[in-house]
Amino acid sequence: MGSLQLQDFVAGLVGGIASVVVGHPLDTVKTRLQAGQGYGNTLKCFLTVYRNESVTGFFKGMSFPMATTGLYSSVVFGVFSSTQRFLGQLRHGDAAAAPSLADMTVASSVAGFVSVAIGTPVDLVKIRLQMQTQPYSKADVKLKPTAPGSPVYRGPIHCFWTILQKEGIAGIYRGTVAMLLRDVPGYCVYFIPYAVFCDWATPEGCISPSPFSVWLAGGVAGAISWGLCTPMDVVKSRLQADGVYLNQYKGTLDCILQSYQNEGLKVFFRGLTVNTVRGFPSSAAMFLGYELSLKAMKRGQTETNP
């Protein structure tokens, strides 16, 4: 792996960690709204979580994505940038050539496909932990281990192994189809608007965008992407939350049909507000962490090899 590719993967790692820290509390609210019962609207969900579980409730399931989202983002950004360079070399004879819209679309789609392999188990464990409304205690488990509201998983590792033992590899990759349908188009409306807004916010004559331009473009791209992907995100959340206490859905299509029959079209827009709002700060932090660490590594390389 060349130094440029390595830098992209490392910068993606930094960006991923930054986005988890900023976005996880709103992600918990989004998951509860989409897959839980009795939370009502966004504000009511916030208040319910805070009243029942205090501030710590918003950070449930965070340790696992914190440890893995860095890797996940590292792969996404690394694959996206490497694919763009490959296409630049293939189509224009120059890996550093400015990518066309077609190049960015292909690179985004490839990044979406690759990310699902890592992202599905990560999201599954995160959502299962977020849907537990009580901390784990052995006394509670002895009483009613499978009753709704009773804890099932002690933590991320226990959750992962429990799902693997009970449901096998298929269980770990539950929701893969829904995630592919969310992430492949989702990354197209993530990276492309980022490039467009970044270019728009960068004054003419500047070699690279300012941190503010990166923050603004990343935030807008995240809000657009998460807003448009909400319907499939609802399906994915429901499929992955299913199985904590009982199994309701046979697959992606069954989940779509049951959700529509029981709650109508509006169910697919659950969490739209919180998804869009969360998309701005978490993506702004992601791109800012990525671009700043990339710049720092390039500066360090220049100083080391003048």
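Side chains are part of it too, since the values below use all heavy atoms of this structure and drop only hydrogens, waters and symmetry mates. Counting from 1, the numbers follow the sequence of the chain as shown.
Rounding to the nearest 0.5 Å gives a distance of 11.0 Å between CD1 of I157 and OG1 of T162. Remark: I118 CD1 to D123 CG distance equals 12.0 Å, nearest 0.5 Å. The distance from atom OG1 of T252 to atom CG of L181, rounded to the nearest 0.5 Å, is 7.0 Å. The distance from atom CE of M104 to atom CG of L101, rounded to the nearest 0.5 Å, is 5.5 Å. L239 contributes atom CG, which lies 8.5 Å from atom CG of D254 (distance to the nearest 0.5 angstrom). The distance from the OG1 atom of T28 to the CD1 atom of I127 is 10.0 Å, given to the nearest 0.5 Å.
Aromatic ring pairs are classed by plane angle as parallel below 30°, tilted from 30° to 60° and perpendicular above 60°; the pair F191 and F287 is perpendicular.
Proximity of a side-chain donor or acceptor of S74 to a complementary backbone N or O of F9 within less than 3.5 Å is detected. Remark: side-chain polar atoms of Q258 are paired, donor with acceptor, to backbone N or O of Q248 under 3.5 angstrom. Judged by distance alone, the side chain of N41 and the main-chain N or O of K44 form a donor-acceptor pair under 3.5 Å. At distances below 3.5 Å, at least one donor-acceptor pair connects side-chain atoms of S100 with backbone N or O atoms of D103. With hydrogens and angles disregarded, no donor-acceptor distance shorter than 3.5 Å links the side chain of D27 to the backbone of G23. A donor-acceptor contact shorter than 3.5 Å links the side chain of Q240 to the backbone of R174. Using modelled atom types, no side-chain atom of S259 and backbone atom of I256 make a donor-acceptor pair closer than 3.5 Å. Looking at S237, its side chain never comes within 3.5 Å of a backbone N or O of V234 through a donor-acceptor pair. Side chain of S283 to main chain of F280: no donor-acceptor pair is present (N/O by atom type, distance under 3.5 Å, no hydrogens or angles).
The shortest distance between side-chain heavy atoms of C188 and S109 falls below 4.5 Å. Side-chain contact between L164 and I169 is present, with at least one heavy-atom pair separated by less than 4.5 Å. With contacts defined as side-chain heavy-atom distances shorter than 4.5 Å, the pair C159/I163 qualifies. A heavy-atom distance below 4.5 Å is found between the side chains of Y260 and L265. Between L292 and P211, some side-chain heavy-atom pair lies under the 4.5 Å cut-off. In this structure the side chain of Y72 reaches within 4.5 angstrom of the side chain of S115, judged on heavy atoms. The side-chain heavy atoms of C229 and M232, taken from C-beta on, include no pair separated by under 4.5 Å. A heavy-atom distance below 4.5 Å is not found between the side chains of F160 and L124.
S210 and S213 share a side-chain donor-acceptor pair at under 3.5 Å. Using modelled atom types, one finds no donor on one side chain facing an acceptor on the other under 3.5 Å when comparing T230 with D233. Of the N and O atoms on the side chains of Y290 and S81, at least one donor lies less than 3.5 Å from an acceptor on the other residue.
Taking the charged nitrogens against the carboxylate oxygens, R128 and D242 have no contact shorter than 4.0 Å, which rules out a salt bridge.
Note: the hydrophobic cluster containing V214 does not contain V196 (ILVMFWY, side chain heavy atoms under 4.5 Å, direct or indirect links). Linking Ile, Leu, Val, Met, Phe, Trp and Tyr whenever their side-chain heavy atoms come within less than 4.5 Å leaves V55 and V22 in two separate clusters. F77 and W226 end up in different hydrophobic clusters when Ile, Leu, Val, Met, Phe, Trp and Tyr side chains are linked at under 4.5 Å. A continuous path of hydrophobic side-chain contacts links L180 to V110 [ILVMFWY only; heavy atoms under 4.5 Å]. There is no path of hydrophobic side-chain contacts, each under 4.5 Å, that joins V14 to V79.
Pairs passing the salt bridge (Lys or Arg N to Asp or Glu O under 4.0 Å) check and including a residue from residues 70-82, sequence neighbours excluded, do not occur.
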Mind running side-chain contact (heavy atoms from CB on, under 4.5 Å) on R238 and R270 for me, showing each step along the way? CA-CA 11 Å; R238 288 186 160 214; R270 268 198 188 179; 3.2 Å; yes
What do the steps show when you test Y153 against W161 for ring-ring contact (aromatic ring centres under 6.0 Å, His included), and what is the final call? CA-CA 10 Å; Y153 312 114; W161 283 114; over 10 Å; no
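F197 CZ: 12 or fewer foreign heavy atoms inside a 6.0 Å radius.
When all heavy atoms of Y190 and G222 are compared, the closest pair comes out as CE1-CA, 4.0 Å. Taking both residues in full, the closest heavy atoms of I224 and P193 are given as CD1-CB, 4.3 Å, listed atom of the first, atom of the second, then distance. When all heavy atoms are compared, the tightest approach of C45 to R32 is SG-CB, 3.8 Å.
When ring centroids are compared, Y187 and Y194 stay outside the 6.0 Å threshold.
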